[in-house]
Every structure is written in C-alpha cells, then in structure tokens.
Number of protein chains: 2
Amino acid sequence: MEDRASDKPTRPNLAAVAALAGVSPSTASLAFSGAGPVSDATRARVLAAAEQLNYGGPDPRAQSLRRGRSGIVGVVMEDRLREAFRDPMNIAMLDGLADELGTAGLGLLLLTEPGSGGPELSVAPMDAVVLVGCSTQLDKSVVALHQRGIPVVAIEAEHMPDVLSIDLDNRDATATAARHLQQLGHSRVALVTLPLEPTHARGELTEERIAGSTAFTSKERIRGARDVFPSIGGVVAAGSSVEEGLIAGRELLAADRPTAVIAQSDLLALGVIRAAEELGIRVPDDLSVVGFDGVRIEGAAPYELTTLVQPAVEKGRAAGVAIVELLAGGSPAPRGFTSEFRVGNTTAAAR
Amino acid sequence: MEDRASDKPTRPNLAAVAALAGVSPSTASLAFSGAGPVSDATRARVLAAAEQLNYGGPDPRAQSLRRGRSGIVGVVMEDRLREAFRDPMNIAMLDGLADELGTAGLGLLLLTEPGSGGPELSVAPMDAVVLVGCSTQLDKSVVALHQRGIPVVAIEAEHMPDVLSIDLDNRDATATAARHLQQLGHSRVALVTLPLEPTHARGELTEERIAGSTAFTSKERIRGARDVFPSIGGVVAAGSSVEEGLIAGRELLAADRPTAVIAQSDLLALGVIRAAEELGIRVPDDLSVVGFDGVRIEGAAPYELTTLVQPAVEKGRAAGVAIVELLAGGSPAPRGFTSEFRVGNTTAAAR
DNA sequence: AAGTCTTCTCGAATCGATTCGATCGATTCG
DNA sequence: CGAATCGATCGAATCGATTCGAGAAGACTT
C-alpha cells in the first residue's frame, strides 16, 4: 500500500500486477483469462496483487485491438431514436436482435444514418453492423465497412452486394391485402404510405416521389398495391404513428373520398380510422381500412384491424443469428419472411 | 512491382499505406487525422496509396487503445429491451440522452443488468456509463467501473458514492398527488406499484417486499404516498404497461374496493381505468385514478389522466450533458428535476 | 539413473495507430 | 552572410493486453 506513494498517478495495468505478483505479464494474462495452465497458487498471487493495486481486470480497449474483436454490433436505424422507437415493430425487431446477440455476448450500439449528427458510422469499433430499413444512400458507408472487413446484415433493404439480406414479402403481402379489398368490391382505394424520403415530408403520392424515393419497404408495398390497383394514389405520411395517420386520413377523406384505404402500418391505419371517426364516417361500413405489421395497439378497441402480421421478433432474431454465424466465419444464407394476412373487422364489402 | 502479390491476404494497415506512399507511418497518420502540418502533395500521395490498397482508414480499435477513448457510452437498463421500451418514458429519456451524446460524437451501447445473459458490463470498451432506474444490486459493477476510471451517471437510483445522480422528486410528487386525493375526501386509497424486485413478481404490496426491494423509484413513490396515507396498501405490478394495470386493477377492484388508486405510471393508471370499465365502475365518479409520468397515451380518450408530468427528455438530456462534461474532465453537479402535478378528469370528490 | 512426459512459466513478437521531440532544408531577418 | 524561424517529415516510444513457441522443473516409466 505504501509502495508507490504519489509518483504513479497512473492506473495500474496488467504489467504492474504481474510485477507485484512476481510473475511475467504473460502468466498474469493467463491467470485472468483462464485460457491456459496456471497453478492455483500463482493465480491466487496474481489476483491478490490485482486487488492490492485496485486493478479492475484487462482493459477492453487493448483486448479488442489484440483480439481484433470488440464484441459490439452496430445497429443503424434511419430515424431519430424517438421516431424509430415509436413504432412497436422496430422495438420488437430490436428485441429479437438484442436477445440473440446478447446470448452471444455481443452488445448493441445504436447508430443513426450518417449526416444526422450522430456518431460516425465509420469510427466506431464494431465487429458487425445491422442496417434496419435503411435507405440506399448508405452505399458508401457500406463500402467503407467492407474495406474494414466488417460484415453487414440488412433488414428490409434494397439488395446490395456483399450484404446479407433479411427480407419480408412486403410486395406480395400488400398485394394480398389489396386483392382482399378488390374481392370485397372496392375500386376507389387509396394508400397511406410510410415516408419516402429521408426528409420525412408529407404530401401527395406522386410518380416523381416514388421514382426518387430511397425507402425500400415503402416502395415495395406500393408496388404490391399496384399489382392489384395499377393506378392507386394516396398520401405520404411523415412517420409511422397514429398522429400521422390521422393527418393523412383527414386529407384523404376530405373530399372525393375512397371506399378503402391501405395504410402501410398499423399505427397509420389506426390514425386513418380516427380521422374517419372525426368525420362521422363509419368503419368498416363506409370505409374499409387495412394496416400492416400486426401489432397489438392499446386503445384500438373495438376495432380489430385487418392487417398483415409480420414476424418482427423473428426478423430481428434471424439477423442476430446471421451475425453470430458471420462472425464465426460461416456464410449464412439470406432469409425471407412472410406475413400472414389476418382479417379483422375494419374491412367490409363496398356499398 | 510486387504490390499485388498474393502473399498478403491480410488487411492493409496504416504502415502499409505509408510504405506504399513512401512516407513514414507518423506522417501517414497526420495525413489522415489532419492534426499536423502535412504538405498537400504528401497528403495526396498517402490518400492515393490508401485507395490503391483499399484501405478504409485508421482502425477504431487501435485508435481507442492509443487515445484511451472509444467514443462509446453504455446505457444500462434494468429490464429486457422489450420491457423497457414499452414505456414511453424510457424512450423519451433515451431520446434526450442520445441527442445530447450524438452531438458530442458519442454512441449509445445498450446493456442490461449483469446476469441477464447479455454482454458483460465489465468487458465493453466504454468511456462512461449511464444507469437508468437500476437496482442497487449494481454496486459491485459500479465499483468495477470505477477501478477502470469510467465515470458513472445514474438516473433515478439510490445514491452511490462517486456516481453522479440525476434525480426526480418521486416522493414529493407522489405526496402531492396523494394530498390531492385526500382533499377530495378520499381515505380508502390503494397503490399500484411498479415492480419491486428484479424478478418482476406480481402480488400484494407487503412490508416485507418493500423492505427487501431494490427498486428505488418505486420505493420513493411509495414513501410519498405514505407521507399522506401512512398505512396505504395495494398491489405490485410486473411491469409498466396497460395490461399490467388491468391485471392489478381487476384484483384491487374485486372486493372491498378503494375509492381512489394511485398508480405509479400512466400506463398502469390506464390499465386500472380499463379494469374499472370492465366492472362497470365509473371513473372518476366511483373511482379516482392518478398516474405518473405525463405521457400522451394513444387511446386514453376520453380520459385526461390526473398525473404527474415529469420532464423525461430533459432527464436524459441532463445525463448526456453531464457525461460530456465528465469526459472533458469537469465535475458537473448532480441535478434534480421536479414533476408538475396536472389535474385531469380521472379524479373527483369521494362520495 | 537415464529418458520421456507433463505441467507451469517466461520472452518476445504483435495488434494498429498516435504523438512528442528531433531533424533537415528552405526561407527570412538583421 | 550567418542566424533565427518555420514547415514538413521522420524515429521511436507508447497504449495494454494476448499468444505462441520454448524452456525449466518435476513426475513417471523402464
């Protein structure tokens, strides 16, 4: 305790512990990691020395340099946290992902798209990266990651070379819902889509916007709707929330209103229903509404949304499994998930 | 030349780039970081060499070792992600935190309490840690962090030495709400509390459980209620959600029911209201309900909860600011936030 | 007693970059 | 014209640990 009074204000390192214990640094390392044959007596001496020096164990920074692994997986979401976490889908997915990664001892580093002022995607010590519903603008970042040899998994994103895809049948699923409406006799159908641009601008759904959009999921679902209703139009929401659905709904239902609405998320769908309620339009009698995701929303009662139930947790879990495999040197196959069409009480025959 | 020989399957490093560019590693480093005087010509040569070698820039792992900083801040939440993110409070707080840290270029690493199978709190290369509503069981982990010289900020946690506290007036706020009920003439009042143990067990609120509890926020709020109603009892929920509130409410309202309920979160409060609806008990006529948090909940209409509005985003932001200051070598002062009592339409005079 | 194994420990190289002080040439000042 | 100055570049030490091959000491066989 009195050994080195004040001439060593520096934090102890493994070498100091080893010196105090009278062993070499290599032996001390072995004693801590337990990765080699060390006599009990020696280990005890090392541990005692560590305690005396108030040494908290090997420095993770040094370990990650030496081992070439940091135990950290980056998750890039396109929105601000507040936006992204508003939708239960994202949370469910993140939960599956965290669960799978957690058991592998990997931590989750939250990142946002470059340029949003957050931590730079390229300077974080990550072992792998998950892209969640990200725009295609990430191309350059992905390239940078590849130069580093960091594997990339993308959930619902445009296919990119050397990026493992975890997909959802967005197009087919939406087409199924659209066909359902068609069979119910609806022909004046409108869309409420998720944001099409990184700016999250509201507004009418135009061909130009679709063409210029970087939002993969959104576009796929539009395609699905158009497989059935080729000229379907609608409005673009600024996010996935009930409020946005409400705003979109008010606009859609103001004049010359459709008999059915395809919303690209359950939250949006609920918002549209709220707008209908405001205007005295009955759902499903006067207006049919379908959603997407299949989340249970508090306060949706008495409505049971007609929607597409997607396996959100499973998607995240699959991404986690893929990452663990990739880090182990394997080459997992891409996965595609399918949504299940669930008929609720928000769609009915057109009148 | 011998550049593209196949005997080098290894990833290029700064030294290789420097060699190809015909400069020393130190100069190459300067060229990348821009932290020193380097001629334009040299920088260009280095960059060209990097491109030719497909070098993606300095390795973050090595940088963090050398600099002693990784740019990562750990966030420890007591629950599983799915649990924690269910409550809008946590998300709001996280948003404030992420916002503040993001502008400082710091990333957010999601961690769970030790023992929950997640990544070990002690092996992640973090510069600082935020504890969010964590139990006091973290003592040992906190000690370990301190040995490493990692500053710790705790949001609503029992005070610990060398841990910067960001607090909320949980006790006083709850007392204010309780007094409100008292003034309305209520005397048979019951509590619905947040979980008291890490196991998240439901059940009756007993003295033993309170005494053995590790949940700081929950206990503080109980104290506040008891400042007004010394012998108040109630039930413990297994989490902060409408479903849990519903379960708790059913139990509380089954027999010998109280005339008012103090729920420890808005979600729980809404659940209690739902339970009352089920049983044909009118709120606020037959039952007064107060919540805590002041979040806008979808589907709460027509109820306007009487609740305590807490500055969640600000709490997170304050933690972020504190961390940035701590990392800059400063010593920020602890902060205490106060909640604002907001009277809605869920409380009324006792009959 | 010589020889073969084990078991434990050590030395030295390595991971990839940063940074401080020194050097060297060229320009400028007195 | 010699000296002081300045900009650009380099060398070498350093951050803190891991790992592999080698060596030493003891246990066991024959």
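Chain naming here is simple, since letters A, B, ... match the order of the sequence lines and numbering starts at 1 in each. Hydrogens, waters and symmetry mates are skipped; everything else that's a heavy atom, side chains included, is used. Nothing here was measured: the structure is a model prediction, and the numbers come from that model.
The pairing partner recorded for dA25(D) is dT6(C), the criterion being a Watson-Crick or G-U wobble arrangement whose two distances lie under 3.5 angstrom. Base pairing analysis places dG30(C) opposite dC1(D); the two distances defining the Watson-Crick or G-U wobble pair are each below 3.5 Å.
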Determine, stepwise, if the pair Val75(A) / Leu94(A) fulfils side chain to side chain contact (heavy atoms under 4.5 Å, CB included).
-> CA-CA 9 Å; Val75(A) 180; Leu94(A) 221 52; 4.0 Å; yes
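In this structure, Ser26(A) does not reach the dG11(C) phosphate: none of its side-chain N or O atoms is under 4.0 Å from OP1 or OP2. For the pair Thr27(B) and dC10(D), the criterion of a side-chain N or O lying under 4.0 Å from OP1 or OP2 is met. An OP1 or OP2 oxygen of dT18(D) is reached within less than 4.0 angstrom by a side-chain nitrogen or oxygen of Gln63(A).
Considering only side-chain atoms of Pro58(A), the nucleotide from dT9(C), dA17(D), dG7(D) that sits closest is dA17(D). If you check dA8(D), dT18(D), dT19(C) against the side chain of Arg67(A), the one that comes closest is dT18(D). Residue Leu14(A) places its side chain closer to dA17(D) than to any other of dA8(D), dT19(C), dA17(D). Nearest to the side-chain atoms of Pro37(B) among the listed nucleotides dT19(C), dG16(D), dA8(D) stands dA8(D). When each of dT9(D), dT18(C), dG16(C) is scored by its nearest atom to the side-chain atoms of Asn13(B), the top-ranked nucleotide is dG16(C). Of all nucleotides listed (dT19(C), dC10(C), dC10(D)), dC10(C) comes nearest to the side chain of Val23(A).
Distance Leu30(A) CG to dT7(C) C1': 12 Å, rounded to the nearest Å. Going from atom CZ of Arg148(A) over to atom C1' of dA17(C) covers 12 Å, rounded to whole Å. Following rounding to the nearest Å, Arg69(B) (CZ) and dT18(C) (C1') show an atom-to-atom distance of 15 Å. The OH atom of Tyr55(B) sits 9 Å away from the P atom of dG16(C) (whole-angstrom rounding). Rounded to whole Å, the distance from CG on Leu65(B) to P on dC15(C) is 14 Å. Between the CG atom of Asp59(A) and the C1' atom of dT14(D) there is a distance of 14 Å, rounded to whole Å. The nearest whole Å value for the distance from the CZ atom in Arg43(A) to the C1' atom in dT9(C) is 13 Å. If you measure from atom CZ of Arg45(A) to atom C1' of dC10(C), you get 13 Å, rounded to the nearest angstrom.
Counting only distance, with no hydrogens or angles, the side chain of Arg11(B) and the backbone of Gln147(A) share a donor-acceptor pair below 3.5 Å.
Contact annotation: side chain of Arg66(B) to base of dT14(D), donor-acceptor pair present below 3.5 Å.
Nearest approach of Leu111(B) to Gly74(B), heavy atoms of both residues: CD1-CA, 4.2 Å. In this structure, Leu108(B) and Ala98(B) approach most closely via the heavy-atom pair CD2-CB, 4.0 Å.
The 5' end of DNA chain D is approached more closely, in terms of each residue's nearest nucleotide, by Ser24(B) than by the other of Ser24(B) and Ala62(B).
Within the 4.5 Å cutoff, side-chain heavy atoms of Leu110(A) are placed close to those of Leu110(B).
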